[in-house]
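Below you'll find the structure, written out as structure tokens, and then a few comments.
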2 protein chains.
Amino acid sequence: MSINYSISDLAAEFNVTTRTIRFYEEKGLLNPAREGNRRIYRPADRTRLRLILRGKRLGFSLDESAEIVLMYGSPGNNRRQLERLISRIREKRIGLQQQQEDLTVMLEDLQDAEKKCLAAFGELGQKRPAETGN
Amino acid sequence: MSINYSISDLAAEFNVTTRTIRFYEEKGLLNPAREGNRRIYRPADRTRLRLILRGKRLGFSLDESAEIVLMYGSPGNNRRQLERLISRIREKRIGLQQQQEDLTVMLEDLQDAEKKCLAAFGELGQKRPAETGN
DNA sequence: AATATAGTTTACGTTAACGTAAACGTAAGT
DNA sequence: ACTTACGTTTACGTTAACGTAAACTATATT
């Protein structure tokens, strides 16, 4: 009831299992504090988890997500590191923009497919499902 | 040099291995004609492959992609099938719209991350990578 | 005829991302 | 003291999506 969360708090909130959260820790994606033996998650950990899951929804691997998570932290101070980081960021952006295109196209196609379906219903001449807002 | 393609034509064009293409066939996602023993791909097969790969880039499983591919074909004629199809399409759309949100947010975040990096460069006071158009 | 090039089937190997289960600890409620 | 709820570590199992290799066929080129 404070600023912190238990493992099952997070599991419930993000609809994943505790196993998943521990697995992410094994992979080094999370680093919760400990209170004795128990894991205790600070808001920052929660944010990291949200980023990881967002990455997943976008089709990134956990390693890729890890990289992204790192990008949000302090950029570090090594010049070489920074350069690598920037080019990775730009690569990611290219990929994401490709995804945006894919998405647009696919949404249009689905629109078409649905219209075809509704038309087919029309020929059956019966009560048909409601139209979609978009 | 006609309207058709060999397996390695497609492999080259879409930058996948022939193994991958045969694998998709095993899964029932492709059904090329045969000329003797050899697979021979018509334009329709090529389109299907493109759809599958687009699905992949969007993080769909092959089975999901298969479903999508089916949606583009003839909607069939069975009423029950049509209804199932329409609701699947709508579900997909929900998912894709969620992805669009995720994408937007992540692109903004990457923007921020890059700025941070560039700022860090500023403090190193050296030749820094060029700014990005967007 | 021999080599090269593209194709075929069959089958075992691999990696990522968890699931599932065993065996145990701890703190709260009855 | 017993049960219930929540947590822990360790370890083996599983599924998807191919990779890799073996053993073979067919066509074309040198």
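Note on naming: letters A, B, ... go to the chains in the order of the sequence lines (proteins, then strands), and numbering restarts at 1 for each one.
- For the pair A/Arg34 CZ and D/dG7 C1', the computed distance is 10 Å after rounding to whole Å.
- Residues that satisfy the salt bridge (Lys or Arg N to Asp or Glu O under 4.0 Å) test with B/Arg54, not counting sequence neighbours, are A/Asp109.
- Nucleotides of DNA chain C that come within less than 4.0 Å of any heavy atom of chain B span, from the 5' end to the 3' end, C/dA6 to C/dA11.
- Under the salt bridge (Lys or Arg N to Asp or Glu O under 4.0 Å) criterion, B/Glu108 pairs with no residue at all, not counting sequence neighbours.
- Taking a 4.0 Å limit (strictly below) on heavy-atom distances, residues 10-29 of chain A reaches DNA chain D at A/Arg19, A/Arg22.
- With sequence neighbours excluded, no residue forms a side-chain contact (heavy atoms from CB on, under 4.5 Å) with B/Glu101.
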Taking distance alone, no hydrogens or angles, what donor-acceptor pairs closer than 3.5 Å link side-chain atoms of residues 58-67 of chain B to residues at least two apart or in another chain?
{"from": "B/Ser61", "atom 1": "OG", "to": "B/Asp63", "atom 2": "N", "distance (Å)": "3.4"}
{"from": "B/Ser61", "atom 1": "OG", "to": "B/Glu64", "atom 2": "N", "distance (Å)": "3.1"}
{"from": "B/Asp63", "atom 1": "OD1", "to": "B/Lys27", "atom 2": "NZ", "distance (Å)": "3.3"}
{"from": "B/Glu64", "atom 1": "OE1", "to": "B/Ser61", "atom 2": "N", "distance (Å)": "3.0"}
{"from": "B/Ser65", "atom 1": "OG", "to": "B/Ser61", "atom 2": "O", "distance (Å)": "3.3"}
{"from": "B/Glu67", "atom 1": "OE1", "to": "B/Arg88", "atom 2": "NH2", "distance (Å)": "2.7"}
{"from": "B/Glu67", "atom 1": "OE2", "to": "B/Arg88", "atom 2": "NE", "distance (Å)": "2.5"}
{"from": "B/Glu67", "atom 1": "OE2", "to": "B/Arg88", "atom 2": "NH2", "distance (Å)": "3.2"}

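- With sequence neighbours left out, A/Asp9 forms a salt bridge (Lys or Arg N to Asp or Glu O under 4.0 Å) with no residue at all.
- By the 6.0 Å contact criterion, CD on B/Glu35 is open, its count of non-hydrogen atoms from other residues, nucleotides or ligands being 12 or less.
- Applying the side chain to side chain donor-acceptor pair (under 3.5 Å) criterion to B/Glu25, with sequence neighbours excluded, gives B/Arg34, B/Arg39.
- Side-chain contact check for A/Tyr24 versus A/Leu53: some heavy-atom pair is nearer than 4.5 Å.
- In this structure the side chain of A/Gln99 reaches within 4.5 angstrom of the side chain of B/Gln99, judged on heavy atoms.
- No side-chain heavy atom of B/Leu29 sits under 4.5 Å from any side-chain heavy atom of B/Val69.
- Remark: B/Arg42 engages no residue in a salt bridge (Lys or Arg N to Asp or Glu O under 4.0 Å) (not counting sequence neighbours).
- Applying the side chain to side chain donor-acceptor pair (under 3.5 Å) criterion to A/Thr17, with sequence neighbours excluded, gives A/Thr20.
- Contacts between residues 50-62 of chain B and DNA chain D, defined by a heavy-atom separation below 4.0 Å, involve B/Lys56, B/Ser61, B/Leu62, listed by number.
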Between protein and nucleic acid, restricted to nucleotides 22-25 of chain D and to nitrogen or oxygen atoms under 3.5 Å apart, what atom pairs and distances do you find?
none

